[in-house]
Enquirer: 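This is the structure I have questions about; it appears just below.
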Amino acid sequence: MATIVMDIIGRLFINVQQVRQMPLLLTPAAPSMPATLRDIEVPRYFREVHVHSGYRPLDQTWSYYLLSLFQRHNETVNTWTHLLGFLVFLLSLCCLAETVDFVGDPHAWPLLVLVVSAMGYSGCSATAHLLGSKSELCHHLFFFMDYIGVAQYQYGSAVVHYYYAVEESWHARVAGVFMPAAVLLSCLSCLGCCYGKFCSYSLPTWVRRVGQVTPSALAYAWDTSPVFQRLLRWSAEDDEVALYFHLGQAVLFLSSAFFFTYPLPQRWFPGRCDIVGQGHQIFHVLLNLCTLSQIRASHLDYLGRRRLYSRLHGDGEAGLFVGLYVLTVAACVLIAAGMVVKVRRMLDGKAQKCK
Ligand SMILES: *[C@@H]1O[C@H](CO)[C@@H](O)[C@H](O)[C@H]1NC(C)=O
């Protein structure tokens with residue numbers, strides 16, 4: 001027994017070693033590409049604590065940043081993790097479309113909104129990590145776009161949980177307010193995140209984090225409340241497979257939030273996780289898995305709870321929720337645009353001072 005365990009541990013270790021060598025394979029796409037820099041060589045604003053090297057130079061051409069997808073730098077893995085997530089969500093949309101009538105069956109629309117919103121957040125995030133290093137303005141612009149992605153995904157989660165996962169008792173309490181509140185919380189978390197980034201000069205990091213995390217945590221608690229209520233009432237007789245996937249998505253989300261909040265493991269190994277191993281990368285992977293579990297759970301609920309949800313959600317409600325999704329995206333775009341104007345003004349002011 002002990003030898004088998006040792007053997008497995010030994011193999012795992014070799015695999016981990018291979019993963020650590022991966023970045024060496026990512027050689028620069030073109031030999032002419034500028035080399036990456038150390039943290040002290042980029043403006044203070046762009047530095048990340050505990051990440052010492054792998055910074056791409058600023059003010060290069062767009063094609064440089066696009067091609068840097070194949071270069072080894074501090075954002076390569078952050079970009080790829082969400083790019084692959086995007087492709088997997090696209091693939092699951094295609095698979096679902098083979099059996100689910102997304103056009104003719106209004107009860108399938110919330111599921112469609114979820115998968116589209118998942119593609120939205122992963123696509124926005126991959127773009128932000130790839131292109132956000134061009135300049136300070138671009139950094140703000142693309143990360144604001146990332147926050148729009150997150151906010152509209154919060155709405156996507158709310159709509160499937162409220163539509164398919166909700167129990168009759170919770171529905172009776174929150175009907176009528178649940179979705180409008182979800183829209184509001186999405187907008188608030190978009191605003192909180194954009195504002196936090198905007199204030200990166202004036203406020204200490206922990207204050208900004210609280211301003212960013214509080215609205216998002218509230219949104220998560222509200223949007224997922226139908227699932228939590230169902231999980232809490234889970235009894236031995238229940239053998240719904242969907243519940244396992246709901247449990248999975250909750251556990252994966254909470255663990256991803258941990259890695260979003262704490263800069264681990266790079267704090268323990270400063271300078272050694274510059275390319276692979278940053279907590280943010282772990283956050284991306286866990287969030288992708290959480291979304292996959294959520295899509296599976298929602299699909300199972302869509303198949304298995306039709307009697308209940310078609311009674312709870314009358315005609316036209318699905319269409320209304322699609323409309324609210326479009327409204328949420330539009331409102332978040334406006335919020336981010338307003339913040340971009342503020343950033344522009346601030347950066348112009350800073351440039352004036354330097355003259
Ligand atoms: C990576 O470097 C860019 C500058 O090229 C910087 O904007 C970004 O914050 C850094 N990210 C990480 C995770 O170190």
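Counting starts at 1 for both ligands and their atoms, following the listed order.
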Enquirer: May I ask you to test the W170-Y162 pair for a side-chain heavy-atom distance under 4.5 Å?
Expert: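 W170 does not reach Y162 side chain to side chain.
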Enquirer: Looking at residues at least two apart in the chain, or sitting in another chain, which of them share a salt bridge (charged side-chain N to carboxylate O under 4.0 Å, His left out) with R306?
Expert: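 Salt bridge (charged side-chain N to carboxylate O under 4.0 Å, His left out) list for R306, sorted by chain: D105.
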Enquirer: Just how far is it from atom OG of S293 to atom CG of L286, taken to the nearest 0.5 Å?
Expert: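 It comes to 12.0 Å.
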Enquirer: What does the list of residues with a heavy atom under 4.0 Å from ligand 1 look like, ordered by chain and number?
Expert: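 Residues F46, E48, V51, Y55, R56, N74, E75, S133, H139, Q278 each place a heavy atom under 4.0 Å from ligand 1, listed by chain and number.
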Enquirer: Taking all non-hydrogen atoms of both residues into account, name the closest pair between G156 and V113 and its distance.
Expert: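 Heavy-atom minimum between the residues: CA-CG1, 4.1 Å.
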Enquirer: Is there any side chain to side chain donor-acceptor pair (under 3.5 Å) pair reaching into residues 252-264, and which pairs are they, with sequence neighbours excluded?
Expert: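 Counting only pairs at least two positions apart or across chains, no side chain to side chain donor-acceptor pair (under 3.5 Å) contact touches residues 252-264.
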Enquirer: Could you name each residue pair satisfying salt bridge (charged side-chain N to carboxylate O under 4.0 Å, His left out) that touches residues 154-169, not counting sequence neighbours?
Expert: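 Passing the test, one end in residues 154-169: E167-R305, E168-R311.
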